[in-house]
Amino acid sequence: MISMPSRSYPQRSTIAYSGAFGVLKHRLKQIFESVESLPDEESEGPAFRVHERLTVKYESEKHISLHWRPDPISDMVSDSVVALILNISCEIPKVAVESEEVTKLKKKTIRKQKRLSMHFLFLCLERMGNW
């Protein structure tokens, strides 16, 4: 059998992400045991290393990049991070919609409370008039 030399090239993936970089780090800490911040000199901006295999870098307000050496575990870690980023990105609009619904519910509740207060006031005035 002839053995062929193999090389592993660093992997890089850029992903659209407009959320807070700290939120991403916090969520990753909930999943992985090791999420360590990197010094700015080493990474040229905010970055952290996940599971000592994957580097997550803040590229701009709308993008982050993932960097890793290809091997089965690092590939699984990167897939997990991408899935989490997509999950967070889907939650952001949902939170905004829910907050609009909460605001509408609060306004409706306030209107009901005002009506009940007025009704109670009229009942009190009516009783006082009968005395």
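Counting only distance, with no hydrogens or angles, the side chain of Ser74 and the backbone of Pro70 share no donor-acceptor pair below 3.5 Å. No side-chain donor-acceptor contact under 3.5 Å links Glu52 to the backbone of Val50.
With a 4.5 Å cut-off on side-chain heavy atoms, His67 and Pro10 do not count as touching.
Between Arg69 atom CZ and Thr55 atom OG1 the span is 10.5 Å, to the nearest 0.5 Å. Taking CD1 of Ile31 as the reference point, atom NE2 of His51 lies at 12.0 Å (rounded to 0.5 Å). Between the CG atom in Leu54 and the CZ atom in Phe32 there is a gap of 8.0 Å [rounded to 0.5 Å]. Distance check: Asn87 CG to Ser80 OG gives 12.0 Å after rounding to the nearest 0.5 Å.
Under the rule for a side chain to side chain contact (heavy atoms under 4.5 Å, CB included), the partners of His26 that lie at least two apart in sequence or sit in another chain are Gln30. Every salt bridge (Lys or Arg N to Asp or Glu O under 4.0 Å) that Asp71 has, sequence neighbours left out, goes to Arg53. Residues meeting the side chain to side chain donor-acceptor pair (under 3.5 Å) test with Ser37, sequence neighbours left out: Lys25. For the side chain to side chain contact (heavy atoms under 4.5 Å, CB included) test, residues two or more places apart in sequence or in another chain that qualify with Ser60 are Lys62, His63. For Tyr58, the side chain to side chain contact (heavy atoms under 4.5 Å, CB included) partners are Phe21, Pro46, Glu61, not counting sequence neighbours. Every residue two or more places apart in sequence or in another chain was checked for a side chain to side chain contact (heavy atoms under 4.5 Å, CB included) with Glu33, and none qualifies.
When all heavy atoms are compared, the tightest approach of Ala16 to Ile85 is O-CG2, 4.2 Å. Looking at every heavy atom in both residues, Leu24 comes nearest to Ile88 through CD1-CD1, 4.0 Å. Nearest heavy-atom pair across Glu59 and Ile64 is CG-C, 4.0 Å. What you find for Leu66 and Ser78 is that their closest heavy atoms are CD1-O, 4.2 Å.
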